[in-house]
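So that the names make sense, note that chain A is the first sequence line, chain B the second, and so on, each numbered from 1.
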Amino acid sequence: MENEIIVNDLVVRFANVNGTGSASANEMFAKSIFRMGIPVTPKNIFPSNIQGLPTWYEVRISEKGHLGRRAGIDILVGVNPQSLKRDIESVTPGGYFVYDSSKKLHEEFIRTDINYIGIPMIKLAMEHYPVPRLQQLLKNMIYVGAVATLIDMEIEVLKEVIAEQFAAKPKIIPSNYQALELGINYVKEHFEYPLNIRIKRCDNVGDAILIDGNTACGLGAIYAGATVMAWYPITPSTSVAKAFETYCKKLRIDEDGKKKYAFVQAEDELAAIGMVIGATWNGARAFTATSGPGVSLMNEFIGLSYFAEIPVVLINVQRGGPSTGMPTRTQQADLISSAYASHGDTKHVLLFPSSPAECFEFTIKAFDLADRLQTLIMLISDLDLGMNNHMSPPLAWDDDKKYDLGKVLSAEDLEEMKEDFGRYLDVDGDAIPYRTIPGTHPTKGSFFTRGTSHDEYAKYSESGEVYLRNVDRLAQKWETAKTLVPEPEFYQKENRSNVGLLFFGTTTYAAVEAMERFEEEDFMIDSIRVRAFPFHQQVEKFIEEHEQIIVVEQNRDAQFRTLLINELDINPSRLISVVNYDGMPITAKAIQSGIKEKLAVST
Amino acid sequence: MSYIKPAFHHPSLKPNKVGYLKKDYRGVISTLCAGCGHDSISGAIVQACYEISLEPHKLAKLSGIGCSSKTPTYFLSNSHGFNSVHGRMPSITTGANMANKDLIYLGVSGDGDTASIGMGQFVHAIRRNLNMVYIVMNNGCYGLTKGQDSATADFGSISKEGNANPYQAIDLAGLALELNATFVGRSFSGDKNQLVPMIKAAMSHPGFAFLDVISPCVTFNNTKTSTKSYSHVRDHIEATSTLDYVPFEEEITVDYPEGESAEVELFDGSKIHLSKLAPDFNPTDRFTAVNRLHEAKSKGQILTGLLYINPESKDLHNLMGTSDKPLNQFKQKDLCPGSTKLEEINRAFR
Ligand SMILES: Cc1ncc(C[n+]2csc(CCOP(=O)(O)OP(=O)(O)O)c2C)c(N)n1
Ligand code: SF4
Ligand SMILES: [Mg+2]
């Protein structure tokens, strides 16, 4: 083990105190590896707090392109005294613990099965920088320089990334370079380098980008033509709003310097979704972004949008629940509450992106579907996808694509119409009626929108018969939705097993890796990635074709499995569930062992 | 109910400047209790819209839930309407207004809808100076759920069950003033002469125009002891001034003796004349308004009239700096940055 050289397959974890500027140093570290053509997966593990608590930044480096989290830490950079003990315990035997040796490490922290690399970080910083805040910030660059040298990172690449990062404040670049050199030189003078675990330039990232899902969603909304965004701050969705606003400031200013968008920080989530409903009712594309607690508050309005048939795009970035739960940890645990949100018979279209590129694509898709189906569409993301950077295919836009604004009657349409306009009349047999936008025509097309029972002409009615016609049409519209939602993705040309693996969203990274491992062991299973609810016919078919389906998801109660049973009438004994819900992204190992255990029990 | 009122109307009723008859501003027949104050307010809205020659499709009417919130079906059938959920009309109106700044937004709410469940959205619409007319049909009770006390019910007023209200009342006009609303008026459903011009003025105000209209509930809250009853209001009303609204285009010189009228020029050039001015009353002075409100209250009186107007009001679009063109008019080519730009964005993430 000692001498075995492992290239481009390691996990480096930084243990920091939040609010000390470590995040940007760590990000530059990850980005530099990416620039060297090596796939990386950084994960921020942060507390629900602004300053002073432990925070970790974990970078998985995988030449093979495995982008899920991997358990086992090869190099731990521990600069947080609070978590020192725990951090040292978390290092894989044979791994390395890089620490600040300005003070001697206490006896109790010494493990015999790992290697210690002491860098006098704060001492070096104090020797070179007079201002305490600067010492703190540049200490981060010192350890980056040290670790970079230990793992054989190309320093020029790192410098290039630093220069880009501080492009707006070029004055501070030299001091960052100097700090970097302090770390580099200390390693060179005191240790043998590089370590046996190291990195080497390769060509495995292609044209990929390193971006978080929330930024991709915000950009997607801009490309989809959203002009109104209303939101209320909540982790982990806030950065969707931030991205939308940041890029709108660059991309959405008219000739007079005025905004071609309205960005409203609402008083709460009820108001946020109310504003979205008002805006889309009035002919603009509008959206909101929130997380579980916000969706709970939005429930009454969600029912209104369903019943009054008003397009809404809601980006739900899930976090650990229930209640305030684990606000800075990830889960896929709002599936049932999203699918059937609100009172009465309601169900909603959900889209499950699994990469930032898909966050972008599906946000655009959500707007088209909302307008086409005249209903609420929820994009189901999660903290891991939304807030962590992921290696992703580039965001893609086809200039020939036209927005699908759905069935909206213009003044000319109304002028030419012979029959009376019926807002809720199914003219085309697809259960989707036509709508009009306020102000379109002086005398034609006005109607009254209401959440109370209404007839085809939007008139109030308490007749049971009228009510049935309306809700049954909505059920039929649901059938139309099944034909429009994204189809699932398959990982084999044709079936080769009677066991199927089913997953969605951020579980994908780990599931794909688990599949590869199984293949190496000659254990063949078929896989399907579901991308939408209601379930596409191909999902139903896949389940029919396999005796056993393993459903992998990140919540305690196997909510996705429940959705499958409920919607597709599947015998529950055929659906085996593998779950992970400790708030950390699922690993391939957990999936592998989960599957083996469950299959052993059930066969 | 879904049938249209019979179409005969008084032959002397002439079409207004945009060619509409008064009946064109009506809605379906009301299903509220006979004598309900809310119906009178609907009538005043119809009259005001007819008089200012509003094109009905240039107005959107929105409401929450309650007897009061049902009224938008009873006026302006040629306008789009939205009967939303309880207490949330302000957010729907905010979104609608963001999408199209060129329509007039008329929001109708009740005292339950505004002063309880919808208090949060109400105060935030004021804070943002959303360009809308916000009418509270204030009957001091929850009509639709059968007469429970609302938060505007006066301390000590006796409910239908005979219990005295132990809680302090929320004075919505006072609250709106406190929050710097840019237009605050109070009136009484039975006082058309005051209410109609006030609605007209509110519609031309570029910002949040709040009208607290006392509107007796004949079924649950018209007892002698209720301060929101017909008899009580008639006996205790005190008006700040008489109001006359003159649209910009048809301004006529009004000959009021100096010192007895005040003139307020609105954003669009139209003017409000206040005559028979109560002593010391200046509708652009918020402090006087607040004081007068308290004085009247201490005397057991209900002060009505245009209490405050800020002639320099800047609405939410102004505050945010949105485009002059309504946002819902922009097309894909105006909004989508295209693939070249996206490639540039991608590059920044490599
Ligand atoms: C969320 C919710 N809670 C409760 C109700 C029941 N509700 C309907 S109207 C109303 C009170 C209406 O009072 P107000 O706004 O004063 O209108 P009024 O009927 O007096 O004109 C209530 C509580 C509801 N519709 N929605
Ligand atoms: S219950 Fe009261 S508020 Fe409701 S319609 Fe009857 S009189 Fe009007
Ligand atoms: Mg009421």
Please flag which part of B:T93 lies under 4.5 Å from any non-hydrogen atom of chain A: side chain, backbone, both or neither.
neither
Please identify which of these residues, A:L270, A:I302, A:I273, meets the side-chain contact (heavy atoms from CB on, under 4.5 Å) condition with A:L297.
A:L270
Tell me, side chain or backbone of B:D24 under 4.5 Å from chain A's heavy atoms, or both, or neither?
neither
Do B:N100 and B:Y105 pair up side chain to side chain, a donor and an acceptor below 3.5 Å, judged on atom types alone?
no
What part of B:I65 gets within 4.5 angstrom of chain A, counting heavy atoms only: side chain, backbone, both, or neither?
neither
Turns out that what part of B:R128 lies under 4.5 Å from chain A's heavy atoms comes down to side chain
Structural part of B:K341 lying under 4.5 Å from a heavy atom of chain A
both
Under 4.5 Å from a heavy atom of chain B, the part of A:V228 involved
side chain
Atom group of B:L62 that falls short of 4.5 Å from chain A, counting heavy atoms
side chain
Would you say that A:I277 contacts B:F82 through its side chain, given a criterion of any heavy-atom pair below 4.5 Å between the two side chains?
yes
Residue pair A:N299 / A:H343, side-chain donor-acceptor N/O under 3.5 Å
no
Contact part of B:L103 toward chain A, heavy-atom cut-off under 4.5 Å: side chain, backbone, both or neither?
side chain
Ignoring hydrogens and angles, state whether a donor on the side chain of A:T449 or A:W281 is under 3.5 Å from an acceptor on the partner side chain.
yes
Pair B:R350 + B:E343, salt bridge at N-O below 4.0 Å
yes
Identify which part of B:D102 has an atom lying under 4.5 Å from any heavy atom of chain A, answering side chain, backbone, both or neither.
neither
On the 0 to 90° scale, with breaks at 30° and 60°, tag the B:Y142-B:H86 ring pair as parallel, tilted or perpendicular.
perpendicular
Checking heavy atoms, do the side chain of B:P56, its backbone, both or neither come under 4.5 Å from chain A?
neither
Which answer fits B:Q121, side chain, backbone, both or neither, if we ask what part of it has an atom under 4.5 Å from a heavy atom of chain A?
both
